[in-house]
Amino acid sequence: MIFDYATLKVIWWLFVGVLLIGFSITDGFDLGVGALLPFIGRNDEERRVVINSIGATWDGNQVWFITAGGAIFAAWPLVYATAFSGFYIALILTLFALFFRPVGFDYRSKVDDRRWRSAWDWGLFAGGFVPSLIFGVAFGNLLQGVPFHFDEDMRVFYTGSFFGLLNPFAILAGVVSLSMLLMHGATYLSIRTEGVIEKRAVAASKYAAILLIVSFAAAGVWIYKGIEGYKIVSMLSANVASTPLDKVVEKSAGAWLANYDAYPVLWIAPLLGFLGAAMTIVFSSAGKRILAFVTSSLSLAGVILTAGIAMFPFVMPSSSDPRSSLTVWDSVSSHGTLQIMFWVVVIFLPIVLAYTSWVYRVLRGKITVDTIRANDHSVY
């Protein structure tokens, strides 16, 4: 089966979206659990319970993050190059925060000292909190446009600053991201623990879900009332290999809602974000932990899809030169590259999903204080 170039461009937009959703659902609860660690675990044994609830799977889940980065590099090389130069400091901070995770997991319990373990607990907190916040801040800046442009030789110039990324709307988007991963992490933790830790996790999931609903609604109103979107006025055919400069782009109020206006069925995405969070509260209160995790996952997918659908076909809009904006049509690799990668995904993604499902089936069950005491030298 050989797809035409335009179809493959859309397929790869979908694939990248699937990878981002997969990352948020799997590694997302790891980040959420890490950010909740110092607050849900009140003593050393309780914190070890929290850590070991994700200890066997966190590194495998992080592969989704690496795969998403690799897919962007291979499918959207211009996006990869521009984002990693423009968001360099933010990405370095994220990377440094993530460094705390493998080291913290492996070395926290090596020394039986309260100060040593407490320091690593806060390191694991940073490893969950900082990436969760920065991912949302990045999306907030994408929705506003990023200050970069290309010259006629296709050299990219970034004209913004790190502190410019920390604008009010971007911080609100960061709160959306942080709250949804806290909700997801707490919901997962309620499945894997019992007793007082489970009760605290349930409470945390409810508060985080409420914060998600409020912040997500606030972001939507802000986009509707105060943020101009982007729209393509003219361009070469989607089947023609072109550069970002071969189009005319305008900013206009309400442009980010154009896809929803054209296809009302797409409103199911933001509805899923709200409804999933609300049902997480309901199921958590009713003691239906698995269902709460499912609805939490659906809420994450809804939030990510809402942003992706609003921006389509834009991937990285430019605020300083709108025609330099990177889109699904003009920032991609060659037809042959996308075709080969398509078959790689079709073959290997089901294998990865099957293996991941098997791992979680084998490792299912509760982690308790008694588990930690009985396996003191073989668990984190």
Side-chain angles (χ1 to χ4, degrees), residues 21-58 60-61 101 105 121 124-125 127-129 132 176-214 216 272-303 356-357 359-373 379-380:
I21 292 172
F23 162 69
S24 69
I25 292 175
T26 55
D27 203 31
F29 69 71
D30 291 343
L31 295 174
V33 168
L36 290 167
L37 172 62
F39 310 103
I40 289 185
R42 304 291 174 79
N43 57 48
D44 181 64
E45 287 186 329
E46 289 181 357
R47 291 182 177 180
R48 290 185 74 182
V49 169
V50 173
I51 290 170
N52 281 279
S53 70
I54 58 173
T57 56
W58 74 269
N61 291 339
R101 301 181 75 195
F105 280 119
D121 289 340
L124 289 171
F125 161 79
F129 179 88
S132 299
V176 173
S177 173
L178 177 63
S179 60
M180 74 180 191
L181 296 187
L182 288 176
M183 172 189 70
H184 200 50
T187 304
Y188 177 79
L189 197 57
S190 70
I191 296 173
R192 297 301 309 278
T193 60
E194 61 182 29
V196 66
I197 300 176
E198 180 185 5
K199 292 179 180 178
R200 292 175 193 149
V202 169
S205 70
K206 294 178 184 177
Y207 290 131
I210 293 171
L211 179 59
L212 171 58
I213 292 171
V214 173
F216 190 38
L272 197 60
F274 286 115
L275 188 60
M279 293 308 297
T280 299
I281 297 173
V282 172
F283 287 134
S284 293
S285 300
K288 300 182 183 300
R289 307 288 185 247
I290 301 297
L291 287 176
F293 185 79
V294 171
T295 55
S296 176
S297 300
L298 291 174
S299 180
L300 266 63
V303 171
T356 301
S357 300
V359 167
Y360 278 99
R361 178 176 174 78
V362 171
L363 297 175
R364 69 188 184 279
K366 300 280 188 178
I367 303 294
T368 65
V369 171
D370 290 337
T371 304
I372 300 301
R373 291 173 180 171
V379 297
Y380 290 124

Any side-chain heavy-atom pair of [X] and [Y] under 4.5 Å:
| X | Y | result |
| --- | --- | --- |
| F283 | R289 | no |
| V303 | V176 | yes |
| T371 | T368 | yes |

| note | Test side chain to side chain contact (heavy atoms under 4.5 Å, CB included), reference H184, set S24, S297, S132, output is S297
Can you name the closest pair of heavy atoms from [X] and [Y] and give their distance?
| X | Y | answer |
| --- | --- | --- |
| A186 | A201 | CB-O, 3.4 Å |
| I372 | E45 | CG1-O, 4.5 Å |
| A277 | I213 | CB-CG1, 3.7 Å |

[atom1] of [X] to [atom2] of [Y]: how many Å apart, nearest 0.5 Å?
| X | Y | atom1 | atom2 | answer |
| --- | --- | --- | --- | --- |
| I210 | S179 | CD1 | OG | 11.5 Å |
| L291 | L298 | CG | CG | 10.5 Å |
| K288 | T295 | NZ | OG1 | 12.0 Å |
| R364 | R192 | CZ | CZ | 10.5 Å |
| M180 | L300 | CE | CG | 4.5 Å |
| S190 | I197 | OG | CD1 | 12.0 Å |

So does [Y] get a backbone contact from the side chain of [X], meaning a donor-acceptor N/O pair under 3.5 Å?
| X | Y | result |
| --- | --- | --- |
| Y188 | S53 | yes |
| R101 | L124 | no |
| K366 | I191 | yes |
| S296 | A292 | no |

| field | Y360 atom OH, neighbour heavy-atom count above 12 within 6.0 Å | value |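 Counting other residues, nucleotides and ligands, OH of Y360 exceeds 12 neighbours.
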Could you go through residues 25-39 and list every donor-acceptor pair under 3.5 Å that involves a side-chain atom there, pairing it with any protein atom two or more places apart or in another chain?
| from | atom 1 | to | atom 2 | distance (Å) |
| --- | --- | --- | --- | --- |
| T26 | OG1 | G22 | O | 2.6 |
| D30 | OD2 | N61 | ND2 | 2.9 |

| message | Angle between ring planes, F105 versus W58, binned at 30° and 60°: parallel, tilted or perpendicular? | response | parallel
| request: Write out all pairs satisfying salt bridge (charged side-chain N to carboxylate O under 4.0 Å, His left out) with one or both partners inside residues 46-56, taking only residues at least two apart or from two chains. | output: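 Matches after skipping sequence neighbours: E46-R200, R47-D121, R48-D376.
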